[in-house]
Every structure is written in structure tokens, then in C-alpha cells.
There are 2 protein chains.
Amino acid sequence: MIEATPNTKERLLKAACRIFAEKGFRDATVAEICEMAEANIAAVNYHFGDKEKLYDEVWRHAFAIAASTYPVDGGVPEDTGIEESLYGYASAILHRIFSEGEAGLFPRLLNQEMAAPTLALDKIAKEALFPQRRQVEKTIKKMFGEACDEHVLWLCQHSIIGQCAFYNFSRPLRERVMGCGTMSEESIDIIARHIARFSLGGLKEIQK
Amino acid sequence: MIEATPNTKERLLKAACRIFAEKGFRDATVAEICEMAEANIAAVNYHFGDKEKLYDEVWRHAFAIAASTYPVDGGVPEDTGIEESLYGYASAILHRIFSEGEAGLFPRLLNQEMAAPTLALDKIAKEALFPQRRQVEKTIKKMFGEACDEHVLWLCQHSIIGQCAFYNFSRPLRERVMGCGTMSEESIDIIARHIARFSLGGLKEIQK
DNA sequence: AATCATTTCAAATAGGCGTTTGAAACATAG
DNA sequence: CTATGTTTCAAACGCCTATTTGAAATGATT
């Protein structure tokens, strides 16, 4: 499963990433992680101290990969139009969600953390989630101005983020019930463009 | 905790509802459930057979309560306007999500099931989730007509449902990080009205 | 080659889990 | 009261969990 790196610690981290993302902190077992990493049962405690510290490392890794592979600005410049900004954000988040590689770890871990929160949640929210929200905030303020109503901002933020996050939340429905687990690059782009357009229309209607 | 009904089976079911909704099937323990129900550790097996059959009963109960307390049509008549239909749907879903009573069990159980799917997911999707989607479908077709493009329908469905579902998904952020766990009746109504208006604008933009 | 630190390993530890058991308590009907 | 069926109970069962242990193996340094 995990490629045979000579480094046991790295193999453990990679295996832990995949298993924590799939099962969450509680349901993942260190025995399972060690087996996938082809390491001894005691390896986690030797290299990371305990299961919890390994989980922290996994989050750090998952966040770093997601942020560098698909930054939330979507690569679009600051001074672009509203629809294009929305597209940049949606595209980045959706690429993370539909990624089957390491960039997909972040949304999967987040899904687990939302269902069974751990002590890590606070740090995750402050370091990863709130900055993402601020990205959406900037786009909304392009429409409503810098001094726009705080509650309206909050509601629109949720509408935009919610559209993207739903594809993360509903993953088991696609994978287990509908049987359409994977998503092509074109499909991702179509969804991102839809969310950008739909949200632009929403913002316009709210502004009326 | 659980009111002292003379009926042990009912006390077990109520306790199980709350604990399964909070922790999911795997992390909930029968010991914990029996303790809350003030029943013996063997009571679950005696009255329900095993933990899994109890979980089935919990889902049945949670679905029945949610569907009867807050039906997805939101109580609005069939032949009403688009924005009002959207409001009806959003209002019903949000009321479920923010309910601290039995009507809130359904979205909480769903959240758990999405993070750690069980064999029950298939049944839940077919009996509860797909009918809910059809409700949104009807509203969208009021705008695009009966013969509207299937993919556009699917995308808009997700946009509307996603806005509502996000308040379920992000519950731990409100409760544990932001510290604003409860939501007043007025707040719920404001959110529902926002989602209806935002979605109407979105649909209009897509129709262009 | 010998010494030292680092890493791996199988086995053991202590605790939690769902479930089973057989006896005790209780309720009901003859 | 007796007999029968239902419900409750404490204890035990077998399995799985994270972690610890001390020895063995490996690597690096002198």
C-alpha cells in the first residue's frame, strides 16, 4: 500500500493520514496504521509518543498539502471580478474535495472532525477554517462594499461555503449509494462555474 | 436524564436516540445507553436483540418524528411561488437542524452516518434523502420547466440543499468554537428567508 | 573491532467493548 | 397459594484497544 520508504516515521505518517481521513481519530486503530506502514505495533509510540500526537502531525501535514496544492484564492488575482473570485474559491475547495491524493486529506479529516470533534478542532478552526472564510468575505465585499452589514455578510458567506462543503459532506452518498465516486477534471470545473454563477445571482438578489 | 417511564424499552430507545445522535453508531456504547436509561447492561440485548437492531429502531423513530414535525414542503401549498417554496423547504430543514428536541435527531444521525457510514445508509438514502431531493426538484422545475436539463437540475439541487445542510455540518464550529450553539426562532426564520432569496437569485442567474 | 545510541520487535499489561448466562425478582392467571 | 411467563440483574465471556516493556537487532562512532 504505502511505498517502501526506508524511513519508518514517514511511512507511519502517510498510513495514518489515509486511515484517520477514512475513519476519524477514534475509529482508526494504531494496529491498522502500523500494519499499512509495515511497521511494528509499538512504532507509533516510539516515533510520535502516542496516537494523539500522531493525529496532530497528520493534521499539520494535510493542511500544508491542501493549502499549497490548492490555495483558496484559486490562483486568481486580487483585483478580478466577483464571479471570477467566486470561481477561484469554489474551484480550489472542490479540487480538494474530489482529490484522491494527499490534497484530499484535509476535507476528509474535516468531515470526521465535524462528526466527532477532538481537542484539535479549535486549532484547525483558527488556523485553517477562519482564513478560508476571510477569502469569501473579501469577495462578498467587492459586491456590498467594505461597510456592508455584518449579518448579511455572514449569511452570504454560509451560502457560498455551504454549496462547496456539501460535496464533501455528501461523499458517502455518491460513493456508496449512487456509485459515482470519482469526478473528472471537467466535471469539477462545471460544478465550480455553476457555484460561481449561482452565487453571483444570489448576491445580486440580496443586494436588491 | 430520561424521564422515568415505567417502560424500560421506551427509556432505552430515547436514551439511544440521544447518544447515537451525539456519537454515532460506533462510538456510542450500550453501557452508556443503559446507564442513561437507568436499565441493566443486558437490557439492550433483551429488548432489541443487539446494538444494531436498536440503531435501526432509532433511525425509524428519528425519521418519523422529523417528517411529521417538520415536513419538507414546509407547509406551503403546492401552487405557490418559487421563493415561497424555497422558503418552505429551507425553513423545515433548518428547524430540524436547530431543534434541540426529537426533531433534531434526524440531522444529527445523518451527520454521523456521513462520517462513518453503516449498513443503514442505503435505506436512509432511499426512504428519507431522495424524497427530500424531489421536493427541491419540484421547485426548480417551477422555474426551468418540466423538461429542464438534468445536469442543471442536479447542480441547482445541490446549491440549495448545500446551503441548508452546511448549518448541520458546521454545528461543532458553532457549539465548540464560536460558542453560539442555540438559535432563536427569529434567527432561523432570517436564515431561511435568506436562503430562499439567495437561491431565487441563483436560479435566475442560471436561467439567463 | 568495540562501544554506543538508535531502532525494531514479540509479548505482556490494563482497560473497554458487545454479548451471554443463569439465577433472582416480578407480574399475571388458574 | 401455585404455577407460568416476563423482566431484571450481577457476573463472566471473548475480543479488541492503546500503551509499555525489555531484549534483540541495527547503525554509527571511535
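Each chain gets a letter, A, B and so on, in the order its sequence line appears, and its residues count up from 1.
Stacking of A:Arg96 on the aromatic ring of A:Phe106 is recorded, both the 6.0 Å distance cut-off and the 45° axial limit being met.
Taking only side-chain nitrogens and oxygens, B:Asn45 comes nearer than 4.0 Å to OP1 or OP2 of C:dT20. Contact between the side-chain N/O atoms of A:Thr8 and the OP1/OP2 oxygens of C:dT8 is found at a separation under 4.0 Å. Within the 4.0 Å cut-off from OP1 or OP2 of C:dT6, not a single side-chain nitrogen or oxygen of A:His47 is found.
For B:Arg60, the salt bridge (Lys or Arg N to Asp or Glu O under 4.0 Å) partners at least two apart in sequence or on another chain are B:Glu57.
Under a 4.0 Å N-O distance rule, the pair B:Lys23/B:Glu32 qualifies as a salt bridge.
For B:Phe20 and B:Tyr55, the distance between ring centers is under 6.0 angstrom.
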Could I get a table of every N or O pair under 3.5 Å where one atom is in the protein and the other is in nucleotides 21-29 of chain D?
none

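When rounded to the nearest whole Å, the span between CD1 of A:Ile41 and C1' of C:dA11 equals 12 Å. D:dA18 atom C1' lies 16 Å from atom CD of A:Glu35, rounded to whole Å. In this structure, the CG atom of B:Asp50 is 17 Å from the C1' atom of C:dT21, given to the nearest Å. Atom OH of B:Tyr46 and atom C1' of D:dC9 are 13 Å apart (whole Å). Rounded to whole angstrom, the span from the CD1 atom of B:Ile33 across to the P atom of C:dC17 amounts to 11 Å. What separates CZ of A:Arg26 from C1' of D:dC16 is a distance of 12 Å, to the nearest Å. One atom, CZ of A:Arg11, and another, C1' of C:dT8, lie 11 Å apart when rounded to the nearest Å. Between A:Asp27 atom CG and D:dC16 atom C1' the separation is 13 Å, expressed in whole Å.
Counting heavy atoms from C-beta outward, A:Arg176 and B:Asp122 have side chains that stay 4.5 Å or more apart. A heavy-atom distance below 4.5 Å is found between the side chains of B:His158 and A:Tyr167.
Nearest-nucleotide assignment on DNA chain D puts the 5′-proximal partner with B:Ala39, out of A:Val30 and B:Ala39.
Looking at the side chain of B:Thr29, the nearest of the listed nucleotides D:dT19, C:dG18, D:dT6 is C:dG18.
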A:Glu185/A:His95 under side-chain hydrogen bond (donor to acceptor under 3.5 Å, both in side chains): CA gap, chis, key distance, verdict: CA-CA 8 Å; A:Glu185 187 64 33; A:His95 269 93; 2.6 Å; yes
